[in-house]
Novice: 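Take a look at this one; I'll ask things after.
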Amino acid sequence: MRLVFLGPPGVGKGTQAEDISLKEDIPHISSGNLLREDVEAKTEIGLKAKAYIEKGLLVPDELVVKIVVGKITTEYCKNGFILDGFPRNLSQAKILDETLNELGEKIDKVFYFTATEDIIIKRLAGRRICKSCGANYHETFMPPAKIMVCDKCGSELYQRKDDNPKTISERLRVYREQTEELIDYYKNNSELAEINCNGNISEIHKKIFKEFHSQSRDEREME
Ligand code: ADP
Ligand code: ZN
C-alpha cells in the first residue's frame, strides 16, 4: 500500500499515520520528522532547512525531494509507505508520481484530513513532544500524568519551535496557498478519502481503519 496523508498542519495526521504504520506494518515516512533529524544532526540539508522550518515556510523542493525520494526508493519502502507531510505543493506531487511511475508503481489512496481552523490552532499551540521517544501529548487534551514528563519513557517533554502562534498562522497560510490545490490534483489523479478530524482520536482511528480496509477502486473494477 502506497498512501499519502494530506491535510493542514495540526490536523493530527502524524499521530494517525504512526498508529496505522504500527498496526498494519507499513513504514511511516514523515517529511517533517526527516527534516528535523537533519536539522538536529546539522547535515548540509539540515543547516539549509532550519531557517525555513522556524519561519513556517516550505523548505525548498530540491532539499525535501532529495530526502523523501531517497527514503521511499529504499528496500525499507519497497512494499509500501505512508507519506505524511509530502507532497506539499504541485511540483512535489508531480515528482512523486514520476518517481513511482519509473518503478511501475503508483499512489493507491490519498487520505485527506480536515478540521476547523480553531481546533487546529488549539492542537498545535498545546502540543508537547517527548525528547527521547517522540511520543505526542497535549497540554489539555492529552496531558501526561506528570507535567512535562513522558508517561512512556520518563523523559522530558518539549514544545516544537514552530508551534508558536505567529509561526502556526504562517504555516496555515502556506498550506492554503500551496498545499490545498493538491486536493483537486488527487481527486482527479487518484482515489481520495476525506476524514473529518474534528472528533476525538479514537473516533478518527475508526474512520481511517474503515477506509483503509475498504476495497480500493482498482479492486472493485477487477471483479
Ligand atoms: P506540520 O504538518 O505540523 O506543519 P511537519 O512536521 O510536517 O509539521 O513540517 C514542519 C515543517 O517542515 C514545515 O513547516 C516545513 O517547513 C517543513 N516541511 C515538511 N515537509 C515539507 C515538504 N514536503 N516541503 C517543504 N517543506 C516541508
Ligand atoms: Zn518518551
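All ligand and atom numbering here is 1-based and tracks the order in the structure. Values reported hereafter were calculated over all heavy atoms of this structure, with side chains retained and with hydrogens, waters and symmetry mates removed.
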Novice: Taking the six-membered ring for Trp, are the ring centroids of Y112 and Y186 within less than 6.0 Å of each other?
Specialist: no
Novice: Sorted by chain and residue number, which protein N/O/S atoms are under 2.8 Å from the Zn ion (ligand 2)?
Specialist: C130 SG, C133 SG, C150 SG, C153 SG
Novice: What residues come within 4.0 Å of ligand 1, counting heavy atoms only?
Specialist: P9, G10, K13, S31, G32, L35, R36, I53, L57, L58, V59, V64, G85, F86, R88, Q92, R127, R160, D162, R171
Novice: Do S91 and D61 have side-chain atoms, one donor and one acceptor, less than 3.5 Å apart?
Specialist: yes
Novice: Check whether more than 12 heavy atoms from other residues, nucleotides or ligands sit under 6.0 Å from atom CD of E40, and answer yes or no.
Specialist: no
Novice: In terms of side-chain heavy atoms, does N196 have a donor or acceptor partner in T114 at a distance below 3.5 Å?
Specialist: no
Novice: Before you tell me yes or no, could you show the steps for T43 and D38 under side-chain hydrogen bond (donor to acceptor under 3.5 Å, both in side chains), namely the whole-Å CA-CA distance, both residues' side-chain angles and the distance that decides it to 0.1 Å?
Specialist: CA-CA 5 Å; T43 64; D38 270 59; 2.7 Å; yes
Novice: Say whether N189 and D97, considering side chains only, have a donor N or O and an acceptor N or O under 3.5 Å apart.
Specialist: no
Novice: In terms of ring plane angle, is the pair F111 and F113 parallel, tilted or perpendicular, where the classes change at 30° and 60°?
Specialist: parallel
Novice: Salt-bridged, E203 to K206, with N to O below 4.0 Å?
Specialist: no
Novice: Pair E24, H213 - check side-chain hydrogen bond (donor to acceptor under 3.5 Å, both in side chains), show working.
Specialist: CA-CA 10 Å; E24 304 287 342; H213 290 289; 2.9 Å; yes
